[in-house]
Amino acid sequence: MSRRVPYANLLIAIVLLAPLAAVIATSLNAGNYAVFPPKGFSLDWFSEALGNTRFLDALRLSFVVAVASTVISIVVGFLAAYAMTRYEYRGQRLSQITALGPLTVPEIVVGLSVFVFVALRLQQAPSIPALVLGHCVVGIPIGLQVIVATMASQDVALEQAAETLGASSWRVFRTITLPLATPGLIGASLLVFIFSFDNISISLFLMPPGESTLPVVMYQYLDFRPDPSIAAMSTLLVALGLIVFFVLHRIGALKHLTGSGLR
Amino acid sequence: MSTSFVHLRGLTTEYGNGAGIRDIDLEIRRGEMLVLLGPSGCGKTTLLRTIAGLAAPDSGTVMVDGDDITSLKAAQRDMGMVFQTWALFPHLTVAQNVAYGLKTRRQAKSEITKAIGEALELVQLAHLADRKPGQLSGGQQQRVALARAIVINPRVLLLDEPLSALDRRIRMELRSDLRRLQQELGVTGVYVTHDHGEALALGDRVAVMNEGRIVEIAAPRELFVRPRHRFTAHFLDAGTIVDVDGSEPGGALHTPLGSIAPLASAGEIAAICIPADAIALEVDGPGIPGTVVDLDYEQSSLTVSVQLSGSGILVKSAQPLSRELYSGQPIHVVADLERAVPLAS
């Protein structure tokens, strides 16, 4: 193998990461306005962002909703994926396709639909459960996709071998199926969590009165105070994302998201 | 008194794609290794999986040692199975893989440890007990799969083409190991393969299968030397097969290669098989004229294909490597019909 500089990869990385770099640089501004390139250097905006209760309340709501959506989406997605890859039933192909349907619908329409369902059918005001439901409508197919890919790539002879060795169905599931699906489950969780955490279009319809998720609060904040605290908040989220990504990479949970590209 | 240990009666499994089994009756003796031999899609793997309990038959019964186990799940059958892909659990170590079947049986820890040690010793892998399957060579993985299957003291050891994914050299080595091990343990085995060599080397008896049915069962050498059915002779490449054109009542059989005296074989004779070494090639008569169409050189033999001028029949003859022939050469074929093997259709 020749060791040439991978110019194409570098270019793609630069194009993808340049906006992030701008945001991070902006968060380090010393002045009162979010400008790029930054004027002076200070970490003040980080303490400003972390001292803002609106941000923190919104962060808490976003986190709760993302965790709940992720757990529900992964459990439902795993059960559905298990059925789709381990059983044969009438309408199997159709169910696989329709299960991914929500991914083809604009999220704003998903948000509206769930709002209509909650408000008109259930006669309920928007609430945290409604918000979680809305996120799950897209979260389940995202999770399902990754988990199906993981489980379909497993050799079913593994489960059959465990069976011939005397293992009950439950034991086969617990000792073979689940451990082998775990990297896929972690990868799927990551995707669903990120989707839910930074979603705006569905959240707009379903947020409980008086409360907002972090992306919405940040967007609204920008409208009336364009100071660098918003960039500082973004930088913190990027850092958090990178840490999670790094940890998952180390435990090998990302292979199912990238084929086998990451090692 | 019957000596059969495994007894299959009227087993039928229909699949949409036609790869099922049809009305299989089979007796397997205690301690013997029975090879199921046939082309892909002949139903041999389906039959094995039906014995294992991984496939449910539409009808028929599976008996082991007098017990009807047809309705038992695979987990309750006490069968050791070695899969074509070996199916080692990739997240467990070699020792944990071998321990799996013992743990489901809730044996004491000390017993499990001892049994794992013995099983790994048996397949000469004790030194690799703590490795993961992914760190082993194909041959080593195959031996782990075997150890995992035999450590549970199975009533029957089922092997589904366990060597087909290996290099030729390792395959030869492992198949004699496998044979020795099976005989030492005295375990009853069923071995599925499409490889003639494996069938010869491993089987006490070989059942030839085609289109979901057992064509014939015999000791391997018997099968290769004296196949009784056209399919067997064809599949094992036992020689040149020619149809019998007609026979006189109680008299000679007529074939395109000449007529032969009535054979003492029972039943109708549809064709005869002439071994390649019973066919001589003469450059200048006598014999049936033909043309050399192909020369197939192997390590120790030369197989010459000759097309007969009149009938167009393709005849195969074994010749010493030193014989100098060329493609397109006119030649005369002399078949020793005394050595012809009669075949039913």
Side-chain angles (χ1 to χ4, degrees), chain A residues 78 81-82 85-94 146-147 149-189 248-256 259-263, chain B residues 15-16 45 48-55 72-92 96-107 112 119 132-134 141 144-162 165:
Chain A
F78 186 35
Y82 188 84
T85 56
R86 294 298 185 270
Y87 293 97
E88 280 178 25
Y89 53 90
R90 277 170 66 103
Q92 185 162 21
R93 189 90 195 104
L94 189 66
V146 177
I147 301 169
T150 309
M151 296 195 64
S153 67
Q154 282 174 18
D155 184 0
V156 288
L158 293 172
E159 285 159 3
Q160 293 172 347
E163 248 182 275
T164 62
L165 291 167
S168 62
S169 307
W170 167 242
R171 194 185 180 95
V172 172
F173 179 81
R174 189 169 54 80
T175 59
I176 307 296
T177 314
L178 191 57
L180 292 177
T182 298
L185 294 179
I186 293 174
S189 304
L248 290 178
H249 175 49
R250 287 306 296 259
I251 64 174
L254 297 181
K255 280 180 209 156
H256 292 284
S260 56
L262 285 178
R263 290 202 188 276
Chain B
Y15 285 143
T45 294
L48 192 79
R49 295 171 65 86
T50 306
I51 300 173
L54 294 172
L72 290 188
K73 288 179 171 177
Q76 301 159 322
R77 290 198 179 189
D78 265 340
M79 305 263 180
M81 180 140 171
V82 179
F83 290 77
Q84 190 169 7
T85 53
W86 309 317
L88 296 180
F89 309 132
H91 57 304
L92 303 180
Q96 287 168 333
N97 263 279
V98 177
Y100 194 91
L102 299 173
K103 284 190 177 156
T104 63
R105 284 167 176 71
R106 309 198 178 285
Q107 294 195 358
I112 293 181
K132 290 276 180 69
Q141 289 187 43
V144 176
L146 184 62
R148 186 177 68 178
I150 57 177
V151 76
I152 61 172
N153 261 325
R155 303 179 91 179
V156 184
L157 179 62
L158 306 172
L159 304 122
D160 186 7
E161 308 216 20

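No experiment lies behind these values; they were computed from the predicted model shown. Convention: sequence-line order gives letters A, B, ...; per-chain numbering from 1.
Residues A:Thr85 and A:Ala152 share a closest heavy-atom pair of CG2-N, 4.0 Å. The two atoms that bring B:Ala149 and B:Val82 nearest to each other are CB-CG2, 3.8 Å, heavy atoms only. The two residues A:Ala181 and A:Phe78 have their closest heavy-atom pair at CB-CE1, 4.0 Å. Minimum heavy-atom separation, A:Ile147 to A:Gly184: CG1-O, 4.5 Å.
With chain A as the partner, the residue from B:Gly80, B:Gly53, B:Ala52, B:Pro90 showing the most heavy-atom pairs under 4.5 Å is B:Pro90.
When side chains are defined from C-beta on, B:Leu48 does not count as touching B:Leu159, because their heavy atoms never get closer than 4.5 Å.
Between atom CG of residue A:Leu158 and atom CD1 of residue A:Ile176 there is a gap of 7.0 Å, rounded to the nearest 0.5 Å.
Contacts between B:Phe89 and chain A at a heavy-atom distance below 4.5 Å involve backbone atoms as well as side-chain atoms. Only the backbone of B:Leu88 comes within less than 4.5 Å of a heavy atom of chain A; no side-chain atom from C-beta onward does.
By the side chain to side chain contact (heavy atoms under 4.5 Å, CB included) test, B:Ala75 pairs with no residue at all, sequence neighbours left out.
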Mind listing the donor-acceptor pairs under 3.5 Å that bridge chain A and chain B?
residue, atom, partner, partner atom, Å
A:Asp155, OD2, B:Thr85, OG1, 2.9
A:Gln160, OE1, B:Arg49, NH1, 3.3
A:Gln160, OE1, B:Arg49, NH2, 3.3
A:Glu163, O, B:Ala75, N, 3.4
A:Leu165, O, B:Thr104, OG1, 2.8
A:Leu165, O, B:Arg105, NH1, 2.9
A:Thr175, O, B:His91, NE2, 2.8
A:Thr175, OG1, B:Tyr100, OH, 2.5

